[in-house]
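Down below is the structure, laid out as structure tokens.
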Amino acid sequence: MNLFAIFADHLRAVVGALAVEGILPAGLDVSRVVVEPPRDPSHGDLATNAAMVLAKDARLKPRDLADLLAARLGAIAGVRRVDVAGPGFINIALDGSFWPRVLAAVLTQGRAYGSGSIGAGARVNVEYVSANPTGPMHVGHCRGAVFGDALANLLAFAGFAVTREYYINDAGAQVDVLAQSAYLRYREALGETITIPEGLYPGDYLKPVGRDLVAKYGRTLLDKSEAEWLPLVRIIAIDDMMAMIRTDLAALNIRFDLFFSERTLHARVGGNSSIIDRLMDDLRARDLVYQGSLPPPKGAPVEDWEDREQTLFRATQFGDEIDRPLVKSDGAYTYFAADIAYHKDKFDRGFRQMIDVWGADHGGYIKRMQAAVKAATAGEGHLDVEICQLVRLLRNGEPVKMSKRAGTFVTLRDVVEEVGVDPVRFMMLYRKNDAVLDFDLAKVVEQSRDNPVFYVQYAHARARSILRNAKEAFPDLPLEPAAFAQAELSRLDDEGEVGLAKLIAAYPRLVDQAAAAREPHRVAFYLYDLASALHGQWNRGKDLPHLRFIIEDDRNSTYARLALVHAVALVIASGLSILGVDAPEEMR
RNA sequence: GCACCCGUAGCUCAGCUGGAUAGAGCGCUGCCCUCCGAAGGCAGAGGUCGCACGUUCGAAUCGUGCCGGGUGCGCCA
């Protein structure tokens, strides 16, 4: 039950009816009409810009059109008053019976409240993390992982059919380096003293891989040439790295529907052409690939630039700034070529909408990838790319020093173990994804108002606590969700109570908008507001005892307020579950 | 040199896709526990929305140009 959507429908019906009657021209474009909560609550419950947006096409003055619309809107059941204000705003005030109806809907729908409006079951593929399988995940991966996961949750809640996908970069040179590094650890596990040369991965996390290789192959790999052992070692190493990454992700409560291997794109089984080969054939057939050379970048001089003929994709035809290479000088495909094939594969698996979550350092690749998707899917596929900016890790305001070479980089697991999943997830989402984020290890575990994670969880715990206490005061009151719908909700007429009801009524719209904008942080900020309203109402009961949620000698008012509290708890729990954060029964 | 992101209160940030008097936390000042969880709440002070033009009935939001910060810029991944 999205109040704002309902009134948007009412409005379209009114405009349609006026057109039928010949009062307004037919076919007015209502796409810019919005129904939203007015910024100032004294203006009413709903506001619309309809008159101002439609005035020009209707050939009426905004105020006159507003009067016309207002008269019709005033006739709708549940509407108490309609005003025209300012340049032509239409403000709608609902009568007191309306908020109880919203609450009743929440209590009936339970956790389904707010879900499923805009997705309409459309399939969406969300690809995120996709960290190289060459080591444990570090903090840098954390934000993209949490953002992608929460975005997927949000879209699923908004009614999309979401597939969560991880792209394993297991085909490039870096996994050969991984295999070489693992082979050294294998020899080490067999008793040799090793030194790890520059360019290989020095981390201790490869020692277990060495032991796994001994367990599987004994000493037999020692006699083989590199060309022979490398593929064998590579498989084990990648499997072990992916197992480690899955464990890291599990620590953040993140799971994927599909891990897609880049290697499968390159594979030529039984002498057949690979998926990338077939993509290239397709692009060539449509004259989107050619042999040519690129101009050197202007400005910043590139050392040892040499003009070179290469295989290029006509990215400029699809909005990119320059054509992009698909084949390396050694004849292998570029990462970009594989990536095009991968996205084409997603499209062929039935995804018209694809969302990729990338780190800030990949911002320069968005245009070429979108161009490629357009080209490879003949314009039918659509790729959105969400960029997660850097995270600056702090401790009490001081930057945490990290150096990969010194082995002092902080892993994702370190952070989760130090502060816990909930603070990590919430704080990573309590900022727009395209803004740099400061993450202070000391502050996020503080249990105070400074810490929004705690503040929101506390509101939920407080609501649950009220319900527990009510059970003692009124042992015979039925506190099951369904029974609450029988409460006399019209007793909720205090402004603080109505304020809470209005916030609850705004939740479905918020979900729609956050999903459409791909912005899970809006859910986090909304929850903060809702928590604040609950804490506020609680404290009003300190000064004004008749406003307390539990009134010992007023069973009916208590019951209505418990229904409200229960609805608040439901919505907080719902929002937190989108963020992947726990909604605790009590704080410890 | 070019592309993308950011610039809002002393600090850290929201601002509902162009609406009405720009909001919150921290910090500062002053209040509120014999009372459902004070791990909380209320009030006050504090802003030329980086700058300048432009579009519009209406701009923090859209366009153009500057200024400042970040990321990236032929075969790597």
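Small disclaimer: the values here were computed from a predicted structure and weren't measured. In what follows, every chain begins at residue 1, and chains take the letters A, B, ... in the order their sequences are listed.
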Indicate syn or anti for B:rU17, taking the glycosidic torsion and treating anything within 90° of 0 as syn. syn

Using purine N1 to pyrimidine N3 plus N6-O4 or O6-N4 for Watson-Crick, or N1-O2 and O6-N3 for G-U wobble, both under 3.5 Å, which nucleotide pairs with B:rC62? B:rG54

Identify the nucleotide, in any strand shown, that forms a Watson-Crick or G-U wobble pair with B:rA43, with both distances under 3.5 Å; if there is none, say none. B:rU29

If I take atom OH in residue A:Tyr342 and atom P in nucleotide B:rA77, what distance separates them, rounded to the nearest angstrom? 17 Å

Would you say B:rA38 has OP1 or OP2 under 4.0 Å from some side-chain N or O of A:Lys542? yes

Can you list, pair by pair, the side-chain donor-acceptor contacts under 3.5 Å of residues 533-540 of chain A, counting residues two or more places apart and other chains?
{"residue": "A:His535", "atom": "ND1", "partner": "A:Arg462", "partner atom": "NH1", "Å": "2.9"}
{"residue": "A:His535", "atom": "NE2", "partner": "A:Tyr455", "partner atom": "O", "Å": "3.3"}
{"residue": "A:Gln537", "atom": "OE1", "partner": "A:Arg540", "partner atom": "NH1", "Å": "3.1"}
{"residue": "A:Gln537", "atom": "NE2", "partner": "A:Asp494", "partner atom": "OD2", "Å": "3.1"}
{"residue": "A:Arg540", "atom": "NH1", "partner": "A:Asp494", "partner atom": "OD2", "Å": "2.7"}

How far does the P atom of B:rC73 sit from the matching atom of B:rG18, given to the nearest Å? 33 Å

Below the 4.0 Å mark, does B:rU71 have OP1 or OP2 next to a side-chain nitrogen or oxygen of A:Trp358? no

In whole angstroms, the gap separating P of B:rC26 from OH of A:Tyr528 amounts to 6 Å

Closest to the 5' end of RNA chain B, once A:Ala360 and A:Thr334 are matched to their nearest nucleotides, is A:Ala360

Are A:Asp320 and A:Lys374 close enough for a salt bridge, meaning some N to O gap below 4.0 Å? no

Below 4.0 Å: OP1/OP2 of B:rA38 and any side-chain N or O of A:Asn539: no

Between B:rC4 (P) and A:Ile322 (CD1): distance, integer Å: 15 Å

Find the distance A:Arg143:CZ to B:rC5:C1' and express it as a whole number of Å. 12 Å

Rounded to the Å, how far apart are A:Arg431 CZ and B:rC6 P? 14 Å

Suppose you measure atom C1' in B:rA45 against the same atom in B:rC2; what distance do you get, rounded to whole Å? 46 Å

Select base, sugar-phosphate, or nothing to describe what A:Val327 touches, counting heavy atoms under 4.0 Å on all strands. nothing

How is A:Ala173 classified with respect to the nucleic acid when contacts are heavy atoms under 4.0 Å: base, sugar-phosphate, or nothing? sugar-phosphate

Any A:Lys432 side-chain nitrogen or oxygen under 4.0 Å from OP1 or OP2 of B:rU17: no

Ring of A:Phe4, cation from A:Arg509 - is the NZ or CZ under 6.0 Å from the centre and inside 45° of the axis? yes

Any strand is fair game: report the nucleotide pairing with B:rU17 by Watson-Crick or G-U wobble, both distances under 3.5 Å, or none. none

P atoms of B:rU61 and B:rA22, separation to the nearest Å: 15 Å

Base, sugar-phosphate, or nothing: which does A:Ile466 touch, judged by heavy atoms less than 4.0 Å apart? nothing

Carefully, step by step, assess A:Tyr128 and A:Tyr166 under the rule ring-ring contact (aromatic ring centres under 6.0 Å, His included). CA-CA 6 Å; A:Tyr128 52 108; A:Tyr166 183 120; 8.4 Å; no

Can you check the distance between B:rC35 and B:rA43, where both ends of the measurement are the P atom (answer in whole Å)? 25 Å

Can you tell me the distance, in whole Å, between the OH atom of A:Tyr333 and the C1' atom of B:rA77? 19 Å

Which part of the nucleic acid does A:Ala55 contact within heavy-atom distance under 4.0 Å: base, sugar-phosphate only, or nothing? nothing

Whether A:Asp57 side chain and A:Leu28 backbone form a donor-acceptor pair below 3.5 Å: no

Criterion side-chain hydrogen bond (donor to acceptor under 3.5 Å, both in side chains) on A:Tyr335 and A:Asn169, from CA distance to verdict: CA-CA 9 Å; A:Tyr335 182 87; A:Asn169 296 132; 3.2 Å; yes

Nearest heavy atom decides the nucleotide; on that basis, is A:Asp529 or A:Glu321 closer to the 5' end of RNA chain B? A:Glu321

B:rA60 versus B:rG1 - spacing of their C1' atoms, nearest Å: 31 Å

Heavy atoms under 4.0 Å, any strand shown: does A:Arg548 hit a base, just sugar-phosphate, or nothing? base

Touch class at under 4.0 angstrom, heavy-atom based, for A:Gln174 against every strand present: sugar-phosphate

Indicate, with a heavy-atom threshold strictly under 4.0 Å, whether A:Phe549 touches base, sugar-phosphate, or nothing. base

Flag yes if more than 12 heavy atoms outside A:Lys502 fall under 6.0 Å of its NZ atom; otherwise flag no. yes

Base of B:rA20 paired with side chain of A:Asn91 (donor-acceptor, under 3.5 Å): yes

Across all strands, who's sitting opposite B:rC36 as a Watson-Crick or G-U wobble pair, both distances under 3.5 Å? none

Does A:Lys443 place a side-chain N or O at less than 4.0 Å from the phosphate oxygens OP1/OP2 of B:rC26? no

Are A:Trp538 and the base of B:rG41 stacked, counting only ring centres nearer than 5.5 Å and planes tilted under 30°? no

Output yes when a side-chain donor or acceptor of A:Ser465 lies under 3.5 Å from a complementary backbone atom of A:Ala461, and no otherwise. no

Scan every strand shown for a Watson-Crick or G-U wobble partner of B:rG72, both distances under 3.5 Å, and answer none if you come up empty. B:rC2

Is A:Asn469 touching bases, backbone alone, or none of the nucleic acid, heavy atoms closer than 4.0 Å? sugar-phosphate

Atom-to-atom span, CE of A:Met427 to P of B:rC13 - whole angstrom: 10 Å

Donor-acceptor pair under 3.5 Å: do we get one between A:Tyr365's side chain and the base of B:rC76? yes

Kindly point out which of B:rG37, B:rU12, B:rA77 is positioned nearest to the side chain of A:Asn169? B:rA77

Remember a base hit wins even if backbone is also touched, and classify A:Asp543 as base, sugar-phosphate or nothing at under 4.0 Å, heavy atoms. sugar-phosphate

Would A:Arg368 and A:Tyr365 count as a cation-pi pair here, with the cationic atom under 6.0 angstrom from the ring centre and within 45° of the axis? yes

Closer than 4.0 Å, any side-chain N/O of A:Tyr455 to the OP1 or OP2 of B:rG41? yes

Within the side chain of A:His343, is there an N or O that forms a donor-acceptor pair under 3.5 Å with the backbone of A:Asp339? yes

Looking for any heavy atom pair under 4.0 Å, which part of the strands does A:His521 touch: base, sugar-phosphate only, or nothing? sugar-phosphate

Categorize A:Pro325 for me: base, sugar-phosphate, or nothing, with a 4.0 angstrom heavy-atom threshold over every strand shown. sugar-phosphate

Distance, rounded to the nearest Å, where A:Glu497 contributes CD and B:rC36 contributes C1': 14 Å

Would you mind calling B:rC33 syn or anti? Take O4'-C1'-N9-C4 for purines or O4'-C1'-N1-C2 for pyrimidines, and syn is within 90° of 0. syn

From the list B:rA20, B:rU17, B:rA38, which nucleotide is the closest neighbour of the side chain of A:Glu36? B:rU17

So what does A:Gly172 touch, heavy atoms closer than 4.0 Å: a base, only the sugar-phosphate, or nothing? sugar-phosphate

With centres under 5.5 Å and planes under 30° as the test, does A:His43 stack with B:rA20? yes

Please give the distance between the P atoms of B:rG10 and B:rC49 as a whole number of Å. 12 Å

Could you give the distance separating B:rG68 and B:rC51 at their C1' atoms, to the nearest angstrom? 11 Å

B:rG70 and B:rG27: how far apart are their C1' atoms, nearest whole angstrom? 27 Å

